[in-house]
Amino acid sequence: MLDNLEAEFPVHTPRPSNAPKALEGVRVVDFTHFIAGPFATMVMADMGADVIKVETPGRGDEFRHYPPVHAELPAQGAPYLWSNRNKRSAALNMKTPEGLAVVRELVAKADVVVENFSTGVMERFGLDYESCRKLNPKLIYCSVSAYGREGEFADRLGFDPIAQAESGFISMNGYSDRQGVRTLSPVIDISTATMACNAILGALLARHRTGEGQSIEVALFDNAVLMTGYAALQHLFTGAVPQRHGNTSPDTCPSGVFMSQDKPFYINCGNDKIFHRLMAQVIERPDLAADPVLSDRNGRMAKRKEIFEMLEEIFAKQPWSYWQPRMRAASIPCGEVRNVGDALRSPEARARNLVTRVEHPVIGWLPNVALPIRYSGTPVADPKPAPAVGQHTEEVLRETLGYSEERIAALRATGALSASAPPAKSPASAKAEAAA
């Protein structure tokens, strides 16, 4: 596992040491688990916020256990590592009075609290917004839920595939001769996380102007409805229910997957001019570019079947290495249909430094997929691997709350917290141990 990292991916290039961070000085107390909450707080951590992930001692966030899990990294499966870098983990038992008291102190010192428990859980701990606001009037408190915190559906649990199903998102994807399909990528979770992060950033800006905190609610279902895109307005205009079109577009033509002599690729002719260039410059049929019916979008959509059959026959005669440079020269939006592994190792990914390797204290190196955010003045933080359960518990108590060693020891004796993780190893020593 992870044997080829050094050969395949470069070491992460550190940010300038003197550059500020966008959210430097912002403290986030993170009660989230799975994806929609943790990914939102990870983006903030990448922007420089101090994100303290509060977890139950022992098992921690259930998402930690999603496979694959490296033998030397218990409770740190790849999905968890993907969504929790640059955080600190404090393992605190909120079911003990002592542990809950520590959590309240953290909330009192926080700028932001983010939670995505089932509705009612934070209230039972006395950590709902109204209770937290009494501890910290300027607090920004973000709740991420399935169907909202109020109303007749507030008690319902929900995950990404359920939101995809109930929002109509699944009904739009796949082929017309079978049931719709969900996306394997948790796009609703990721987009909900992005919405939550945007909302928090907006609230921080508002607090800078007004001096006041506020509560924020982001619901998975609400976001999933938004993710049906402009199809929602198309339906409301016409009453027609969006249908499944596979890889083709109902709004443009030709737009879809074609097969060259050796590889599949996607073309998107989003406007008439692109079609004209495709015909005249790529397949060398200027007569089709000038055709009075085909030169117009509506005319092409009426003849979609004939256009696709013609292009499929032409494209199959040459390899992708022939068509790609011709289409690039003609400014045709197109791309090879790749699997995930090919995409991560593609020239485009290498050019953008999207995948690098970073030092890990136990296994030497860990792969890292960068955020798609490039700041000129406040570069995102250098990636630090997601923490083990409770890795920073004592560090947080000492540095954030100012606890003495005696007080920490007393808390440990009550069962309110777990001990910190073992000392870190350097990549070189970890590699040497593995070789031995």
Ser255 and Phe308 have their tightest heavy-atom pair at O-CZ, 3.6 Å

Looking only at heavy atoms, the pair that brings Gln281 and Ala329 closest together is OE1-O, 4.4 Å

With sequence neighbours excluded, what pairs up with Val225 under the side-chain contact (heavy atoms from CB on, under 4.5 Å) test? Ser167, Phe221

Is there a donor-acceptor pair closer than 3.5 Å between any side-chain N or O of Ser83 and the backbone N or O of Phe39? no

Distance col, row Asn198:CG vs Ser191:OG, nearest 0.5 angstrom, shows 11.0 Å

Quick one: does Ser89's side chain have a donor or acceptor within less than 3.5 Å of a partner on Gly390's backbone? yes

To the nearest 0.5 Å, what is the distance between CD (Glu8) and CG (Leu344)? 9.5 Å

Counting N and O atoms only, with roles assigned by atom type, does the side chain of Asn84 sit under 3.5 Å from a partner on the main chain of Pro387, one being a donor and the other an acceptor? no

Can you tell if the side chain of Met47 reaches within under 4.5 Å of the side chain of Leu201, non-hydrogen atoms only? yes

Provide the full list of salt bridge (Lys or Arg N to Asp or Glu O under 4.0 Å) pairs with a residue in residues 35-58, sequence neighbours left out, each pair given once. Arg27-Asp50, Asp46-Arg85, Asp50-Arg88, Lys53-Asp61, Glu55-Arg64

For residues 177-189, which residue pairs qualify under side chain to side chain donor-acceptor pair (under 3.5 Å), counting only residues two or more places apart or in two chains? Gln164-Thr183

Full working for side-chain contact (heavy atoms from CB on, under 4.5 Å) between Met195 and Asp222: CA-CA 11 Å; Met195 283 290 177; Asp222 299 359; over 6 Å; no

Determine whether Glu312 and Phe258 make a side-chain contact, defined as any pair of heavy atoms from C-beta on separated by less than 4.5 Å. yes

Do Glu217 and Arg149 meet the salt-bridge criterion of a basic N to acidic O distance under 4.0 Å? no

Is Glu309 salt-bridged to Lys305, cutoff N-O under 4.0 Å? yes

Can you check whether Ser295's main-chain N or O pairs, donor with acceptor, with His276's side chain at less than 3.5 Å? yes

For residues Asp160 and Thr192, determine if any side-chain heavy atom of one lies less than 4.5 Å from a side-chain heavy atom of the other. no

Separation between OG of Ser145 and CZ of Arg156, rounded to the nearest 0.5 Å: 12.0 Å

Checking side-chain polar atoms at under 3.5 Å, does Lys87 have a donor or acceptor matched by the opposite partner on Thr41? yes

Distance-minimising heavy-atom pair for Ile188 and Ala163: CG2-CB, 4.0 Å

Answer yes or no: are there more than 12 heavy-atom neighbours, outside Met227 itself, under 6.0 Å from its atom CE? yes

Taking the side chain as C-beta and beyond, is there a heavy-atom pair between Leu294 and Met279 under 4.5 Å? no

To the nearest 0.5 Å, how far apart are OH in Tyr141 and CE in Met122? 3.5 Å

Going by heavy atoms in the side chains, are Asn268 and Thr252 under 4.5 Å from each other? yes

Drop me the distance from Asp128's CG to Thr119's OG1, to the nearest 0.5 angstrom. 12.0 Å

Give the C-alpha distance, both sets of side-chain angles, the deciding distance and a yes or no for side-chain contact (heavy atoms from CB on, under 4.5 Å) between Met44 and Asp30. CA-CA 11 Å; Met44 297 184 70; Asp30 178 7; over 6 Å; no

What one should report as the nearest heavy-atom pair of Leu278 and Cys269 is CD2-SG, 3.8 Å

Parallel, tilted or perpendicular, judged at 30° and 60°: which one describes the rings of Trp323 and Phe315? perpendicular

Please tell me if the side chains of Phe9 and Trp365 come closer than 4.5 Å, counting only heavy atoms from C-beta onward. no

Ignoring hydrogens, what is the shortest heavy-atom contact between Pro254 and Ile307? Give both atom names and the distance. CB-CG2, 4.1 Å

Side chain Asn173, main chain Phe169, donor-acceptor under 3.5 Å: yes

Would you call Ile332 and Ile274 a side-chain contact if the rule is heavy atoms closer than 4.5 Å? yes

Please confirm whether the backbone N or O of Ala330 pairs with a side-chain atom of Arg277, one donor and one acceptor, at under 3.5 Å? yes

Would Val107 and Lys109 satisfy side-chain contact (heavy atoms from CB on, under 4.5 Å), going step by step from the backbone distance to the final call? CA-CA 5 Å; Val107 169; Lys109 289 180 173 289; over 6 Å; no

Heavy atoms of other groups near Leu205 CG, more than 12 under 6.0 Å: yes

Taking Gln214's backbone N and O only, do any of them form a donor-acceptor pair with Arg207's side chain (distance below 3.5 Å, no angle check)? no

Heavy-atom closest pair (Pro347 atom, Arg338 atom, distance to 0.1 Å) is CD-NH2, 4.2 Å

CZ (Arg15) with more than 12 external heavy atoms under 6.0 Å: yes

Aromatic rings Phe34 and Phe159: how do their planes relate, parallel, tilted or perpendicular, breaks at 30° and 60°? perpendicular

Flag, side chain of Arg350 to backbone of Arg345, donor-acceptor distance under 3.5 Å: yes

Test your reading of the model: is there a side-chain donor-acceptor pair from Asn339 to the backbone of Asp342, 3.5 Å cut-off? yes

Before giving the answer on side-chain contact (heavy atoms from CB on, under 4.5 Å), spell out for Val51 and Asn86 the whole-Å C-alpha distance, their side-chain angles and the decisive distance to 0.1 Å. CA-CA 8 Å; Val51 177; Asn86 284 334; over 6 Å; no

Strictly by modelled atom types, are Tyr175 and Asn247 linked by a side-chain donor-acceptor pair under 3.5 Å? yes

Whether the side chain of His12 engages the backbone of Arg357 through a donor-acceptor N/O pair (distance < 3.5 Å, no angle test) should be reported. no

Distance col, row Leu366:CG vs Lys384:NZ, nearest 0.5 angstrom, shows 14.5 Å

Measure the shortest side-chain to side-chain distance between Ile267 and Met327 over non-hydrogen atoms and say whether it is less than 4.5 angstrom. yes

Is it true that Tyr80 and His65 have ring centroids separated by less than 6.0 Å? no

